[in-house]
Amino acid sequence: MTPTAMPTTEYKKLRSLNKRNEIAITPWLFLAPGVLFFLFYVIFPIFQSFDVSLYQWDGLGEARYVGLANYQELVNDRAFEISLWNNLKWLVLYLLAIPAGLFIALFLNQTVTGIRLYKSLFFFPFVISQIVVGLVFSWFYDPTFGLLNVMLGWVGLGPINVLGDPQTVTYGIIAAGLWPQTAYCMILYLTGLNAVDPEQIEAGRLDGAKGARMLWYIILPQLKPATFIAFVVTIIGALRSFDLISIMTNGGPFGSSRVLSFYMFEKALSEYGFRMGYGAAIAVVLFLIMLVFIAYFLWSMFQEERGR
Amino acid sequence: MFPTPVENTSPAWRLTYQSLLPLALLMWLAPLLAVALFSVKPEAEFVSGGYWDLPSYFAGFENYGRVFFESDMPRYMLNSVLITVPTVVGCVILSTMTGFALGIYRFRANIWIFFMFVAGNFVPFQILMVPVRDITLDMGLYNTKTGLVLFHIAFQTGFCTLFMRNFIRALPFELIEAARVEGIAEWRIFWYIVLPLMKPAIAAMSVLIFTFIWNDYFWAVVLTQGAESQPVTAGITSFNAQYRAAYHLMSAGSIVAALPPVAMFFMMQRHFIAGLTLGAVK
């Protein structure tokens with residue numbers, strides 16, 4: 001008999017204790033690189049931006065503490081006001097991508113030959129970078145040779161300069177943005193429609209539901225997860241609009257197509273001198289608007305997590 | 001199936017649908033087709049103002065040839081590859097680990113760390129711009145591909161963690177329990193059991209991140225300048241400035257810049273769509 005041999009129960013207990021410690025420590029080891037990286041590049045900068053917004057700073061020299069002066073200046077800044085209004089237009093009109101995407105998805109939800117290729121080609125605009133979408137659309141709108149005016153000419157309407165007119169420019173850019181966004185919503189709904197329960201549709205048909213009533217009472221409730229994601233990505237997309245504005249009009253004419261994200265960039269990094277503090281203040285306002293939506297998304301996700 | 005399959009409807013509607021389909025597609029892609037047409041038209045036709053005449057001959061080779069051999073476009077494309085590929089690799093490494101930790105283990109902070117990733121993923125870029133530009137400058141990485149890659153990896157980790165964690169949650173947990181009973185170390189469970197099962201999720205996520213990063217413009221202009229490190233999205237604006245009013249070249253350039261994600265999409269379509277729906281719509 002070897003005196004060092006442990007009784008088996010003791011050994012098991014020790015081993016399970018080790019295992020429990022291991023299970024407690026492992027997630028933190030796995031999380032560490034990702035979390036640290038994320039904190040460093042994403043979470044801390046948010047707070048730093050709040051801090052910077054209280055300073056007057058050109059990005060190079062000494063920053064001077066000015067308290068809330070940047071925010072006070074925002075209140076009387078006409079350009080800020082225009083940007084804010086344009087953001088609102090983006091938010092509201094961008095949501096059109098959801099019904100438009102649903103419409104195309106319903107149109108394409110068939111099984112005829114070649115439909116797969118049609119679906120991918122309809123989805124095409126989303127895969128292309130917004131920069132190229134912007135270029136494509138600024139040529140589309142071009143008053144001298146753009147396809148839009150060629151088509152308007154067919155029905156006898158005069159050339160219009162969509163991007164040159166402060167009244168229409170924002171709508172023109174939003175229309176360009178709706179193109180890829182509609183494609184995104186379409187694909188979400190197509191996947192959703194695939195999962196709709198055929199028995200419920202049959203039952204609905206037996207009860208005499210057709211067309212719009214069927215869509216509203218039977219299909220849409222089952223598409224709720226798709227609608228939620230479409231809503232999330234569309235809101236985020238609307239508030240992130242920057243590329244299109246930058247490439248199509250650069251904020252013009254006369255700053256009439258700026259939104260907060262673009263105006264912030266312009267203030268902080270423009271050739272007229274860097275105003276990091278003021279830019280940060282604009283970014284904080286944009287962040288607070290977004291925060292309302294983020295809170296709502298997280299809350300919805302939290303409800304769902306608990307429901308599981 | 002909703003709407004009613006056309007096979008089960010009247011022949012008239014079936015015919016209408018079949019003819020409506022290509023027409024609708026043509027209208028949907030019209031702006032893009034116009035650019036494709038421009039890119040194969042000879043230069044002379046733009047000078048003479050015949051924008052919409054059919055090309056007198058196919059000038060695709062000379063237009064695309066000039067984009068590839070006489071401009072900085074190949075540089076920008078290479079930069080884009082050198083930015084995009086390391087980002088995808090980095091994101092996969094970090095997020096398989098974070099996704100594993102948040103998907104498998106139950107601990108108090110779990111949901112809060114998860115929400116931190118999700119919320120961070122949604123913030124507007126502008127709130128990060130000034131500090132991130134500053135950090136990058138301080139590390140001496142301004143105007144380098146590395147600087148851009150590091151930030152992209154960190155930011156995309158938010159989305160990727162969400163993605164991976166949801167995928168791992170859907171795996172059968174009994175597998176892990178069985179492995180634990182066998183006394184297999186936790187890191188081995190990750191490496192030999194969970195990771196092989198995550199292959200489809202990794203594929204889906206990689207295509208998606210590839211597209212996101214390839215198409216990024218904002219961070220490219222904030223963190224880089226000049227042909228030595230700018231990706232193609234930012235490069236195309238200088239390309240266009242160089243060839244102002246040369247629509248045949250600008251069109252060809254745009255198509256070249258747009259092509260890699262499009263090719264990626266067509267090759268990996270199934271994965272791509274699975275990724276876009278975030279696994280929430282099955």
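Small disclaimer: the values here were computed from a predicted structure and weren't measured. Chain letters run A, B, ... following the sequence lines, proteins first, then strands; residues in each count from 1.
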Sort out for me which of [options] touches chain B most, counting heavy-atom pairs under 4.5 Å.
options: A:Gly279, A:Ser261, A:Pro198; result: A:Ser261
options: A:Leu121, A:Leu239, A:Thr113; result: A:Leu121
options: A:Phe38, A:Phe265, A:Phe37, A:Phe50; result: A:Phe38
options: A:Ile218, A:Leu260, A:Val132; result: A:Val132
options: A:Phe228, A:Phe44, A:Trp57; result: A:Trp57
options: A:Leu148, A:Ile236, A:Leu291, A:Asn109; result: A:Asn109

Given a strict heavy-atom distance threshold of 4.5 Å, which part of [X] is in contact with chain A: side chain, backbone, both, or neither?
X: B:Leu32; value: both
X: B:Ile176; value: neither
X: B:Thr96; value: neither
X: B:Pro22; value: both
X: B:Phe155; value: both
X: B:Val207; value: neither
X: B:Thr237; value: side chain
X: B:Phe117; value: both
X: B:Met264; value: neither
X: B:Phe218; value: both
X: B:Arg14; value: neither
X: B:Ala34; value: side chain
X: B:Ala24; value: both
X: B:Leu25; value: both

Which atoms of [X] are under 4.5 Å from chain B, going by heavy atoms: the side chain, the backbone, both sets, or neither?
X: A:Val150; value: side chain
X: A:Met290; value: side chain
X: A:Pro33; value: both
X: A:Ile43; value: side chain
X: A:Val284; value: both
X: A:Ile247; value: side chain
X: A:Ile219; value: side chain
X: A:Ile201; value: side chain
X: A:Phe242; value: side chain
X: A:Phe40; value: both
X: A:Phe140; value: side chain
X: A:Leu36; value: neither
X: A:Leu39; value: side chain
X: A:Phe137; value: side chain

Can you tell me how the ring of A:Phe124 sits relative to the ring of B:Phe266, calling it parallel under 30°, perpendicular over 60° and tilted otherwise?
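Rings of A:Phe124 and B:Phe266: tilted, as their planes differ by 30° to 60°.
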When the ring planes of A:Tyr278 and A:Tyr263 are compared, do they come out parallel, tilted or perpendicular, using 30° and 60° as the limits?
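It falls in the perpendicular class, over 60°.
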What I'd like to find out is whether the side chain of B:Phe151 reaches to under 4.5 Å of the side chain of B:Val222, using heavy atoms alone.
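The answer is no, as the side chains (C-beta and beyond) never meet within the 4.5 Å cut-off.
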Passing candidate, ring pair (Phe, Tyr, Trp, His ring centres under 6.0 Å) with A:Tyr184, options A:Phe122, A:Phe126, A:Phe123
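Passing option: A:Phe126.
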Identify the heavy atoms of B:Ser95 and B:Thr161 that sit nearest to each other, and give their distance.
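Minimum heavy-atom separation between B:Ser95 and B:Thr161: CB-N, 3.9 Å.
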Can you tell which of B:Pro5, B:Pro260, B:Cys91, B:Ala257 has the highest number of heavy-atom pairs within less than 4.5 Å of chain A?
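Going by pairs under 4.5 Å, I would pick B:Pro5.
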Just so I understand: if I count every heavy-atom pair under 4.5 Å between each of B:Leu21, B:Asn240, B:Leu150, B:Ile153 and chain A, which residue has the most?
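Winner by heavy-atom pair count: B:Leu21.
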Donor-acceptor pair, side chain of B:Thr233 and main chain of B:Asp216, under 3.5 angstrom:
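Such a contact is found between B:Thr233 side chain and B:Asp216 backbone.
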Is it the case that the side chain of B:Asn215 and the backbone of A:Gln130 share a donor-acceptor pair, with hydrogens and angles ignored and the cut-off at 3.5 Å?
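Between the backbone of A:Gln130 and the side chain of B:Asn215 there is no qualifying donor-acceptor contact (under 3.5 Å).
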